[in-house]
Amino acid sequence: MKNQEIAEIFTRMADILEFKGENAFKVNAYRKAARVLTDLTADIEDLYNNKQLGEIPGIGQALQGKIEDYLLHNRISQYDALLNDIPKELFSLLSIPNFGPRTAALAYQKLGVQTLADLEKVIQNGDLVKLPGMGEKKVDKIHRGLELIKVSQTRISIAVAQSIIDQVISWLGEKAGTQITRITAAGSARRGKETVHGIDILAETPDGAAVLQLFTQMPNVTEITGAGDTKASVILENRYQVDLRAIPAASYGAALQYFTGSQAHNIKLRGIARDRGLKINEYGIFNEHGKIGGEQEEDIYRLLGMPWIEPELREDRGEIEAALQNRLPHLVTLDDIKADLHIHSTYSDGQLSVAEMAETIRSLGYQYMAFCDHSRSAFYANGLDENRLLQQLEEIRRLNERYSDFAILAGTETDILPDGSLDFPDHILKKLDFVIASIHSAFETDPTGRTIAAMKNPYVDVIGHPTGRLISRREGFALDIDRVIAVAAETGTALEINSYWDRLDLSDLHVKRAIEQGVKICINTDSHQAAHLTMMEFGVATARRGWAECKDIINTLPLEQFRARQKRNR
DNA sequence: GCCGTTTTCGGCCCGACTGTTTTCAGTCG
């Protein structure tokens, strides 16, 4: 799939055009095209071969030509041309907070700033501050932005974001008391994205000034970067930025809608509003006579002629069209999940015994679970050989006798070996209730072929963390996800959403592609200790972002139906 | 550069905040 490669070039072309002062709408057209390509579930090469490029929204004649250029020649000539007469490190420069394209152009033209080091130098020697429109404060902000990108990445994992959100909301709830009537996270955290860019919290209050002031006085605030009538921004000790917006009740719904985004979703909604003679902003929805709604988020959608849209869908990936036609998916929820089917114990590298883990999971309200400890090749994780696996199986069988309202399945997370075979022979797998197969080593060695070989084994129920990516640390291995999805559709093998915050693998877009092909998904936590179990919420959020319904997720099945499915597939 | 049941030209989402300015440009979301 070259979708992402082309999207990245379009994004860079947008950056360059913006730097060069091109028409902002033209710049926007490139950015939109990049986003559409990123979100596309189909392979751009297939669309090209079928002469369907023109059907992609936001891709007109000119961009079709550029896509064709890339597919045929592996380069886009207009892009190569644009690379002339720009700073060497333009893209790094533009990633600096408070240093945008206009300022970059000014610094390049007047001072020859080409690199981050050049910028540092003209800040230090006082040249930058002398430029028109510059001043001490502006330069100071740019300097701090420059320091910031040296030490931290700008995106926060959903797990960290959620923990910060919980802390802020609980602190404010305690201190502000009844001054705050509603409070919630907005932005990409509310949309359940795997990483979050800035944390945005909305508080409904009749006294915004007091609440905002309180917010800036939180004990872990190290810097206040903004404080107006409606919004305050702070940097916390852990270097993360949190914004709080104080909203009166009459516009809380409109503000929640507005600040939840995504930007692309909102732009499309505004276009629809405009076509209908309406206007939407963070204060409400208006016709020519004045405000007609905005207290509740539903108002906005209702007055545009559509049902309320779940936040996880708001990416302009077809959800607005679906809403207008009243065919939105009924997304799976955390409550629908009946089992956690990828759990480790002290038999391999887990922290709790089989009995302790089972009891903890039962107390969370699940109907059943599966132990899937590592197999012997995962020696670093104390993987089980056949004897220890059978020993664990016996212990699980005995433990099950304690429960009438809960079932423990005996399983394994067997390694997929470099030759595509599994760590246990079929006659052992056959004894188990549930089998996950995962790649943990030799990432370079034909991951696609090995995964497909594993799926063709009738005892393999699920492929664990299929792409092997670690969000903060490594790209997934070179897996041809579309081939894997196609084979999974044939074999009936489910693909995992591993809910661990740094995996979230499959990703939301992969989930969408899989379920479009009729492939089933299994959402697991891969917990090694009790604290990991709550990460199920991130996996469910990822599934929801992939438009998954209950019927797409095998661990929403009640135990008897789940067992019947297992039987059919073997 | 894209797009079209008012348009193949003339629109394109909208506002807060900041810092610079003396009415506005740049950045951000």
Side-chain angles (χ1 to χ4, degrees), chain A residues 10 13-14 17-19 21-36 53-67 78 82 93-107 129-142 144-145 154 186-191 196-202 208 212 224-233 241-247 251 254-255 257-286 300 304 316 320:
Chain A
F10 284 173
M13 290 178 84
L17 292 170
E18 202 169 23
F19 170 80
E22 257 287 2
N23 179 309
F25 296 108
K26 184 172 174 176
V27 172
N28 223 3
Y30 277 90
R31 292 207 193 286
K32 183 180 177 190
R35 200 179 46 69
V36 169
L53 284 187
E55 292 171 22
I56 309 173
I59 306 286
Q61 286 294 327
L63 291 180
Q64 283 175 51
K66 293 178 175 70
I67 292 170
Q78 289 94 334
L82 278 174
L93 287 168
L94 291 180
S95 71
I96 301 169
N98 305 307
F99 191 76
R102 312 303 308 140
T103 316
L106 188 70
V129 74
K130 292 180 199 147
L131 294 181
M134 285 291 136
E136 291 288 348
K137 284 187 170 179
K138 251 187 188 179
V139 170
D140 190 44
K141 272 186 150 182
I142 293 167
R144 276 180 293 149
T154 50
S188 37
R190 183 165 181 242
R191 302 201 310 279
V196 171
H197 183 76
I199 295 172
D200 231 341
I201 298 175
L202 263 56
L212 289 174
I224 301 167
T225 54
D229 297 337
T230 63
K231 173 190 169 186
S233 301
Q241 177 169 332
V242 183
D243 294 353
L244 181 73
R245 294 168 198 276
I247 316 284
S251 55
Q257 196 289 316
Y258 183 93
F259 291 112
T260 296
S262 68
Q263 200 176 21
H265 174 89
N266 284 355
I267 286 172
K268 182 161 270 183
L269 279 191
R270 280 146 196 279
I272 290 171
R274 198 186 55 235
D275 294 345
R276 298 182 180 208
L278 303 173
K279 190 177 86 161
I280 315 171
N281 58 28
E282 61 261 56
Y283 301 108
I285 176 163
F286 304 81
I300 308 295
L304 293 177
D316 189 20
I320 292 173

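Bear in mind the structure is a predicted one, so any value in this text is a computation, not a measurement. Per chain, numbering begins at 1; letters A, B, ... match sequence-line order.
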- Query: What distance, rounded to whole Å, do you find between the two P atoms, one in B/dT20 and one in B/dG26?
  - Reply: 14 Å
- Message: Students often get this wrong, so: under 4.0 angstrom with heavy atoms, is A/Pro132 touching a base, only sugar-phosphate, or nothing?
- Response: nothing
- Task: Answer yes when A/Arg31 and A/Glu18 have at least one side-chain N-carboxylate O distance shorter than 4.0 Å, and no when they do not.
- Result: yes
- Message: Once you apply a heavy-atom cut-off of 4.0 Å, does A/Lys32 come out as touching a base, just sugar-phosphate, or nothing?
- Response: nothing
- How is A/Lys141 classified with respect to the nucleic acid when contacts are heavy atoms under 4.0 Å: base, sugar-phosphate, or nothing? sugar-phosphate
- Taking atom P in both B/dG19 and B/dC13, compute the distance separating them and give it to the nearest angstrom. 28 Å
- Message: Under a plain distance cut-off of 3.5 Å, with no hydrogens placed, do A/Gln257 and A/Asn266 share a side-chain donor-acceptor pair?
- Response: yes
- Task: Give, for atom NZ of A/Lys268 and atom NZ of A/Lys32, the distance between the pair rounded to the nearest 0.5 Å.
- Result: 5.5 Å
- Of the listed B/dG29, B/dT20, B/dC14, the closest approach to the A/Lys137 side chain comes from B/dT20
- Message: By the 4.0 Å heavy-atom rule, please label A/Leu269 as base, sugar-phosphate, or nothing.
- Response: nothing
- Of A/Leu94 and A/Lys26, whose closest DNA chain B nucleotide lies nearer the 5' terminus? A/Lys26
- Euclidean distance, atom CZ of residue A/Arg35 to atom C1' of B/dC2 [Å, nearest integer]: 13 Å
- What is the distance from NZ of A/Lys231 to P of B/dT18, rounded to the nearest Å? 8 Å
- Distance between the C1' atoms of B/dT7 and B/dC12, in whole angstroms? 13 Å
- Rounded C1' spacing from B/dG1 to B/dT8 in Å: 14 Å
- Task: Check the distance between B/dC13's C1' and A/Leu304's CG and give it to me in whole angstrom.
- Result: 13 Å
- Query: Is the CG atom of A/Asp275 crowded by more than 12 outside heavy atoms at less than 6.0 Å?
  - Reply: yes
- Could you check how far CZ of A/Phe259 sits from P of B/dC28, rounded to whole Å? 16 Å
- Rounded to the nearest 0.5 Å, how far apart are NZ of A/Lys279 and CD1 of A/Ile285? 11.5 Å
- How far does the P atom of B/dA25 sit from the matching atom of B/dT21, given to the nearest Å? 13 Å
- Message: Just to be sure I understand the rule, does A/Ala227 reach a base, reach only the sugar-phosphate, or reach nothing, if contact means heavy atoms closer than 4.0 Å?
- Response: sugar-phosphate
- Give the rounded distance in Å between these two atoms: CD of A/Gln257 and C1' of B/dG15. 14 Å
- Item | Whole-angstrom distance between B/dG11 and B/dT6, as gauged at atom C1' | 13 Å
- Now, which nucleotide makes the Watson-Crick or G-U wobble pair with B/dT8, with each of the two distances under 3.5 Å? none
- Nucleotide of B/dT20, B/dT27, B/dG1 approaching A/Leu63 most closely (side-chain heavy atoms): B/dG1
- Message: Can you tell me which nucleotide in B/dC28, B/dC14, B/dG1 comes closest to the side chain of A/Tyr30?
- Response: B/dG1
- Name the closest nucleotide to the A/Arg102 side chain, picking from B/dA16, B/dC13, B/dG26. B/dG26
- Message: Considering every strand and a 4.0 Å limit on heavy-atom distances, what is the contact class for A/Ile96: base, sugar-phosphate, or nothing?
- Response: sugar-phosphate
- Message: Nearest to the side chain of A/Ala29, heavy atoms from C-beta on, is which of B/dT27, B/dC13, B/dG1?
- Response: B/dG1
- With a non-hydrogen cut-off below 4.0 angstrom, is A/Thr103 in contact with a base, only sugar-phosphate, or nothing? sugar-phosphate
- Task: Would you indicate what A/Glu282 reaches in the nucleic acid, counting non-hydrogen atoms under 4.0 angstrom: base, sugar-phosphate, or nothing?
- Result: sugar-phosphate
- Task: Rounded to the nearest angstrom, tell me the gap between atom CZ in A/Phe25 and atom C1' in B/dC3.
- Result: 13 Å
- Rounded distance [0.5 Å steps], OH in A/Tyr30 versus CD in A/Glu22: 8.5 Å
- Task: Compare the minimum distances between each of B/dC28, B/dG15, B/dG1 and the side chain of A/Pro97, then state the nucleotide with the smallest one.
- Result: B/dC28
- When A/Asp229 and A/Gln241 are each assigned the nearest nucleotide of DNA chain B, the 5'-most assignment goes to A/Asp229
- Is any N or O donor-acceptor pair between the side chain of A/Tyr258 and the base of B/dG29 shorter than 3.5 Å? yes
- Message: Heavy atoms only, 4.0 Å cut-off, all strands: where does A/Asn281 land among base, sugar-phosphate and nothing?
- Response: sugar-phosphate
- Item | OG1-CG distance between A/Thr225 and A/Asp243, expressed to the nearest 0.5 angstrom | 7.0 Å
- Task: Specify the separation, in whole Å, of atom CG of A/Asn23 and atom C1' of B/dG1.
- Result: 8 Å
- Item | Spacing of A/Lys138 atom NZ relative to B/dC28 atom C1', expressed in whole Å | 13 Å
- Message: Please give the distance between the C1' atoms of B/dT23 and B/dT18 as a whole number of Å.
- Response: 15 Å
- Query: Got a donor-acceptor contact below 3.5 angstrom from the A/Arg245 side chain to the A/Asp200 backbone?
  - Reply: no
- Task: Using a heavy-atom cut-off of under 4.0 Å over every strand shown, decide if A/Asp243 touches base, sugar-phosphate, or nothing.
- Result: nothing
